[in-house]
2 protein chains.
Amino acid sequence: MDKRKMRHIPHKTIERLSQYRRALLICQATGKTHIFSHEIAKIQHITAVQVRRDIMLIGYTGTLRKGYNITELVNLIGIILDTDEVLNIAVIGIGNLGRAITKYFSGKRTKLKISASFDTNPDKIGKKYAGVDCFHINQLEKIIKEKNISIGIITVPSSETIEIKNKLVNSGIKGILNYTPKPVDVPDNVYLEEYDMTTSLEKVAFFVKMH
Amino acid sequence: MDKRKMRHIPHKTIERLSQYRRALLICQATGKTHIFSHEIAKIQHITAVQVRRDIMLIGYTGTLRKGYNITELVNLIGIILDTDEVLNIAVIGIGNLGRAITKYFSGKRTKLKISASFDTNPDKIGKKYAGVDCFHINQLEKIIKEKNISIGIITVPSSETIEIKNKLVNSGIKGILNYTPKPVDVPDNVYLEEYDMTTSLEKVAFFVKMH
DNA sequence: ATAACATTGTGAATTTTTTAACAAAATGCT
DNA sequence: AGCATTTTGTTAAAAAATTCACAATGTTAT
């Protein structure tokens, strides 16, 4: 599948493909070799048609009455989602959340690697967290260039968000994942994703309230 | 606005209302009293029409050429999103992520309160994290009933997810926010929201790859 | 006072996403 | 072999979400 076709894959499908892969890897570990669309659907709480359509969109074809070959499907999702070379990632702010992410991510995906972390706390600098070196934030631009880091995950206190974002943008970062409750602005050539737990929690609260 | 009307508010709008409130509170703190739809839009990286439509859906009306009264709008969003009584929340698993959430959330919303946390590590039990007591997981059902907890946030290692989910469901929990990479199944009367960082990160990676 | 402008609110159009419906074909049963 | 069943792949329909387009109208400038 070439880039031209990939551009037409809906955003939602991209998210689901990531989720499918996660589920497929779990299933694969149990020794299963094939899986039906309705099995994937059940795991993800969506419909089987949705799964089949997503898989259709990436041009994979299952076997009638046998379902999808898990290994092949995982590989194809890898071709869509993963980069050829390893993509280096930096975590900025190695507090509880930064450490959770660093730890959680170590060794999880072969093509995504947390290659550095940053903080201002002198006690943390020079240490390793889940095998990842922690540098002082004033080294940010230097290290990002040296280590060819293309994605930054911001987990600093929200008062620092803007400053860190600016530093990241100045270092030529390609993508930012902002876990801070402070929304930021980035130039067009930087891809931005923001997530705030409060929103998820308030959403749950709303639907709980509505029964 | 009554519950009947609230039911027709789209899910996406609910999420954005939460985000608007966050942004509005920040603006309010700077002394601003009014805000234009395009200002909110800018902060949230969406269009002004979208903002106006969302606000229209909740039945609020701005002033021509003055924009929306921030205090009034914040209050109205509160009427939509918040419960009348405080909603009690439990965090299960007080590792890095659990602590990050507990700390981040303390005192953030008056109607949402983290009232208990749980773990199995004996060193943690009996301690307080950001002012929240930590109990042993085998106390889960008891404490949830005692403290009238309606939402559970799961931040345990994914091998424990299912067990914790079952305990939560058995305790009569109303909503679950699962931060574990292991998808779970819940009965219809429990509202479930799942979030996995890997998906966000892979999405950023994909769009970085696509330029 | 008048014109130019800015901004809301909303019906209609468009786009995106999801679901329904069903033909095609492999498998197993009798 | 023939029939019922299962499951994929896909076209078409429906639903959900977003954007366009513009009337209404208050504000500012001249």
Side-chain angles (χ1 to χ4, degrees), chain A residues 1 5-20 23-24 27 32-73 76-77 80 199 203 206-207 210, chain B residues 1 5-20 23-24 27 32-73 76-77 80 199 203 206-207 210:
Chain A
M1 166 163 292
K5 278 182 200 155
M6 281 191 204
R7 269 185 220 288
H8 299 309
I9 300 175
H11 283 215
K12 286 281 179 67
T13 296
I14 294 296
E15 286 180 23
R16 283 192 299 263
L17 287 173
S18 163
Q19 289 161 3
Y20 297 164
L24 290 170
C27 287
K32 255 172 104 92
T33 63
H34 288 73
I35 193 165
F36 295 128
S37 59
H38 63 260
E39 293 178 295
I40 302 178
K42 181 99 188 307
I43 298 171
Q44 301 299 136
H45 319 296
I46 56 177
T47 65
V49 201
Q50 180 98 83
V51 174
R52 293 206 299 275
R53 173 160 304 267
D54 286 335
I55 290 174
M56 186 187 96
L57 284 169
I58 63 173
Y60 184 65
T61 291
T63 312
L64 206 45
R65 294 196 50 118
K66 270 195 169 174
Y68 303 96
N69 178 304
I70 293 180
T71 308
E72 283 176 18
L73 186 48
L76 181 56
I77 293 176
I80 309 288
T199 296
K203 196 171 147 200
F206 176 81
F207 288 108
M210 290 295 154
Chain B
M1 168 162 292
K5 279 183 199 153
M6 281 190 204
R7 270 185 220 286
H8 299 308
I9 300 175
H11 285 213
K12 286 281 180 68
T13 295
I14 294 296
E15 286 179 24
R16 282 191 300 262
L17 287 173
S18 163
Q19 289 161 4
Y20 297 164
L24 290 170
C27 287
K32 255 171 105 91
T33 63
H34 288 74
I35 194 166
F36 296 128
S37 60
H38 63 260
E39 292 178 296
I40 301 179
K42 180 98 188 309
I43 298 170
Q44 302 299 136
H45 319 296
I46 56 178
T47 65
V49 201
Q50 179 97 82
V51 172
R52 293 205 299 276
R53 181 160 300 271
D54 285 336
I55 290 174
M56 187 187 95
L57 284 170
I58 64 173
Y60 185 66
T61 289
T63 312
L64 205 47
R65 293 201 47 122
K66 269 195 170 173
Y68 303 96
N69 178 304
I70 293 180
T71 308
E72 284 177 17
L73 187 48
L76 182 56
I77 293 176
I80 309 290
T199 295
K203 197 171 146 198
F206 176 81
F207 287 109
M210 289 297 154

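Letters A, B, ... mirror the listed sequences (proteins, then strands); counts begin at 1.
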Seminar exercise, completed: Nucleotide by nucleotide, nucleotides 13-19 of chain C touches protein heavy atoms under 4.0 Å in the pattern (B base, S sugar-phosphate only, - none) ----SBB
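Rounding to whole angstrom units, CZ of residue B:Phe36 and C1' of C:dT8 are separated by 10 Å. In this entry the distance linking NE2 of B:His8 with P of D:dA15 reads 15 Å, nearest Å. Here the P atom of nucleotide D:dT7 and the CD1 atom of A:Ile40 are 13 Å apart, to the nearest Å. When rounded to the nearest whole Å, the span between CZ of B:Arg65 and C1' of D:dT27 equals 4 Å. Taking atom CG of residue B:Leu57 and atom P of nucleotide C:dG11, one finds them 11 Å apart after rounding to whole Å. The NZ-C1' distance, from B:Lys66 to C:dT7, rounds to 13 Å in whole Å. At whole-Å resolution of the value, OH in B:Tyr68 and C1' in C:dG9 are 7 Å apart. Regarding A:Ile58, its CD1 atom lies at a distance of 14 Å from the C1' atom of D:dG9, rounded to whole Å.
Between atom CG of residue B:Leu73 and atom CD1 of residue B:Ile55 there is a gap of 5.0 Å, rounded to the nearest 0.5 Å. In this structure, B:Thr71 OG1 and B:His34 NE2 are separated by 8.5 Å, a value rounded to the nearest 0.5 Å.
Looking at every heavy atom in both residues, B:Ile58 comes nearest to B:Leu76 through O-CD2, 3.6 Å.
Put simply, the side chain of B:Glu39 gets close to the backbone of B:Phe36: a donor and an acceptor are under 3.5 Å apart.
A side chain to side chain contact (heavy atoms under 4.5 Å, CB included) with A:Cys27 holds for exactly one of A:Thr33, A:Ile70, A:Ile40; it is A:Ile70.
At the phosphate of D:dT7, neither OP1 nor OP2 sits under 4.0 Å from any side-chain N or O atom of A:Thr63.
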For this session: Using the side-chain contact (heavy atoms from CB on, under 4.5 Å) rule, take A:Glu15 and B:Phe206 through it: C-alpha gap first, then chi angles, then the decisive distance, then the call.
Result: CA-CA 10 Å; A:Glu15 286 180 23; B:Phe206 176 81; over 6 Å; no
Please list each protein N or O that sits under 3.5 Å from an N or O in nucleotides 22-24 of chain D, with the distance.
none

